Engineer: 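Have a look at this one before I ask anything.
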Amino acid sequence: MNILVAVKPVPDHDALVSAAEGGGVEIEDRWIINFFDEIAVEQAVRLKQSASAHVTAISVASGRGASRCTGVLRKALAMGADRIVMVQDAALAEADGLGIARVIAAFAKKEGMRLILLGKSALDDEQGLVGPALSQIASMPYVTGVIGLELKENESLRLSRLVEGGDELVEVGLPAAVGVAKGLCEPGVPKVMKVMKASKAKPETLDLAGLGLEAQDVAPLTKIISYTASPARPPATIIKWEGKETASKLAQIIREMAGGG
Amino acid sequence: MGKRACIFIEHRGGEVKNVVFEIAGRLGALGCDICGLVLAADEGSGTLVAQKAAGVMAEVFVLVDEAFASYDSLVWGSRAADFIGRLAGEGGEISIVAAGSTPLGKDLLAGASARLGRGFGSDCLGLDMADDGSVTILRPFYGGKVRGRVLMQGPGPHFVTVRPNTFRPAQPGDQSAAISVRKLEPAPDAPKTAVIESRAAPAAKVDIAEADIVVCGGRGIKEKDNFHIVEKLADAAGGVAGASRAVVDAGWRDLSEQVGKSGKTISASLYIGVGVSGAIHHRMGMDACRHIVVINSDEGAEFFKYADIGVVGDLNEVVPALIEELRRM
């Protein structure tokens, strides 16, 4: 069974990100695999044994982001992916989630992918657009917020998914796409030998034409005009606890804040 | 005549989500003619929901399909998109389709936008329309470290989701929307997601991502049995209890209550942190809250730098005393 996992590089949690003069954004050059994508890779690799599956990891880049994508693809390889693929094309420079979804859908169709695993959202924009877009483009069911997954006879999936107020057990036939959430599985730490071997690996590369796509298929429908700093909070008022008096004062402040003040 | 806008009326347990009224407030301020869209499994419940939103819209459409009994990304997204496409064709261009930034609202509008090949922008902190009708949004990036102004390009409708507590709610007016019910033909071959078992609590508790007030407990609580003081404080303050990642990972609280990067992003009016260290992954989930109060015994606690009010004291003294005061008021 062919499984596709989409992976994306995002800035490390502690990486400095700031609005630059002129409206651009400056990001410290520290990139990691998106948190939820790592979980997706781990899940795909675990299915390899039980389902005799073949796992391909894919990442989509413009020219600039290529080395970052290569980094996360190598991570996927070290974790146990069988094949790593990068789709790279200058036309992807400003691509939005819809464009990315079209690329992934085209590759999945070309390669006969039966199951597509993604992180439910990426921690750079947290839009969660690629999964549902992929679903519509490929006309395949998409279930997100998945915290439990069981493959049944390579024909269907039994999934536990987060819903408001708890979770729900659902069944969906293959082919299907799944957006994974925290708790599905715990990514392991790849063995050093695998990491070293993966660090030299070159992903297969494809461009849009190789997928039968054109630049207009990935033309962005949103454009970031400028970045600004998030408003800074003035320094905190520090209150030292001194018993009942403080309680009264604090309760008053809280009531005011709660009242929408 | 203003630009047309459509709001997805998300509902649970017969109640319309508050964020729907907040979106109506903003779109009304922009001068839009607003219609609403309810997706319901049966006409009766759909109409009841529509009536609850009728006071802030010109028209409400209720789409009825058994498939709307539980969420299905492909089916709901396709249905919503096809209906919106028809609506735009019949009654004239729609500028904006909006929903609350709930997991369902985001997923639904993302899918619908893709089906129609239109732009999508989520988690709006700002929503603007220029005289020429162009739509721009302001939204957080990189965990809220920066914000970006985003232009929605191409023809409308532009699909946007809005976080709770971002805009002031519209007040119901004298108008009451006309409600139209459209029963949909079941799509025969559509691949579907079947629900086997539901383990969701009934619509009693407000989700932390939509709550106005959240009291969040962290590892400083020291033990699971002590967490009830967080719940009691939340109750006394009129809000809900949340939890840090450490507390959820330790199994004291459910993932649904986790605030932070790998949990939920909250946009409450008031956040109170009790025994929470305030590490960056947590702050990214709550620094958009309007007012932040942090209770910590360590005077030099890092979290104080990101708060409005820092209370230096032992939470086991502070919290019970605070509960008593709040109850007295």
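Letters A, B, ... mirror the listed sequences (proteins, then strands); counts begin at 1. Predicted model only: the values in this text are computed from it and were never measured.
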Engineer: Dump the intermediate steps for side-chain contact (heavy atoms from CB on, under 4.5 Å) on B/Asp314 and A/Trp241, then the final yes or no.
Structural biologist: CA-CA 8 Å; B/Asp314 179 354; A/Trp241 182 258; over 6 Å; no

Engineer: Suppose a student defines contact as a heavy atom less than 4.5 Å from any heavy atom of chain A. Which residues in residues 152-160 of chain B would they list?
Structural biologist: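 B/Met152, B/Gln153, listed by number.
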
Engineer: For B/Glu299 and A/Lys240, run salt bridge (charged side-chain N to carboxylate O under 4.0 Å, His left out): C-alpha distance rounded to whole Å, both residues' side-chain angles, the deciding distance at 0.1 Å, then the answer.
Structural biologist: CA-CA 9 Å; B/Glu299 201 170 340; A/Lys240 278 203 171 66; 3.1 Å; yes

Engineer: Work out which heavy atom in A/Ala236 is nearest to a heavy atom in B/Ile309; give both atom names and the distance.
Structural biologist: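 Shortest heavy-atom contact: CB-N, 4.5 Å.
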
Engineer: Any salt bridge linking A/Glu164 with B/Lys17? Criterion: basic side-chain nitrogen under 4.0 Å from a carboxylate oxygen.
Structural biologist: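 Salt bridge present between A/Glu164 and B/Lys17.
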
Engineer: Name the option with the most non-hydrogen atom pairs under 4.5 Å to chain B; the candidates are A/Ile137, A/Val163, A/Ile254, A/Asp96.
Structural biologist: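 Of the candidates given, the most pairs with chain B belong to A/Ile254.
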
Engineer: Using the ring of each side chain (for Trp, its six-membered ring), is B/Phe141 parallel, tilted or perpendicular to A/Tyr227, with breaks at 30° and 60°?
Structural biologist: perpendicular

Engineer: Given a strict heavy-atom distance threshold of 4.5 Å, which part of B/Ala236 is in contact with chain A: side chain, backbone, both, or neither?
Structural biologist: backbone

Engineer: Counting only non-hydrogen atoms closer than 4.5 Å, does B/Tyr71 touch chain A with its backbone (N, CA, C, O), its side chain (CB onward), both, or neither?
Structural biologist: both

Engineer: Closer than 4.0 angstrom, basic N to acidic O: yes or no for B/Asp249 and A/Lys182?
Structural biologist: yes

Engineer: What residue, out of A/Leu134, A/Leu98, A/Thr144, A/Ile238, has the most heavy-atom pairs lying under 4.5 Å from chain B?
Structural biologist: A/Ile238

Engineer: With a 4.5 Å cut-off on heavy-atom pairs, point out which of B/Leu270, B/Leu255, B/Leu151 contacts chain A the most.
Structural biologist: B/Leu151

Engineer: With a 4.5 angstrom heavy-atom cut-off, could you sort out which part of A/Ile27 is near chain B: side chain, backbone, both or neither?
Structural biologist: side chain

Engineer: State whether a side-chain donor-acceptor pair under 3.5 Å links A/Gln136 with B/Ser78.
Structural biologist: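 A pair is found: one side chain offers a donor N or O, the other an acceptor, under 3.5 Å apart.
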
Engineer: Count the heavy-atom pairs under 4.5 Å between each of B/Ala268, B/Ser73, B/Gly313, B/Gly119 and chain A, then report the option with the highest count.
Structural biologist: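 Max contact count across the listed options: B/Ser73.
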
Engineer: For chain A, which candidate among B/Gly238, B/Gly239, B/Ala288, B/Ser198 shows the most heavy-atom pairs at distances under 4.5 Å?
Structural biologist: B/Ser198

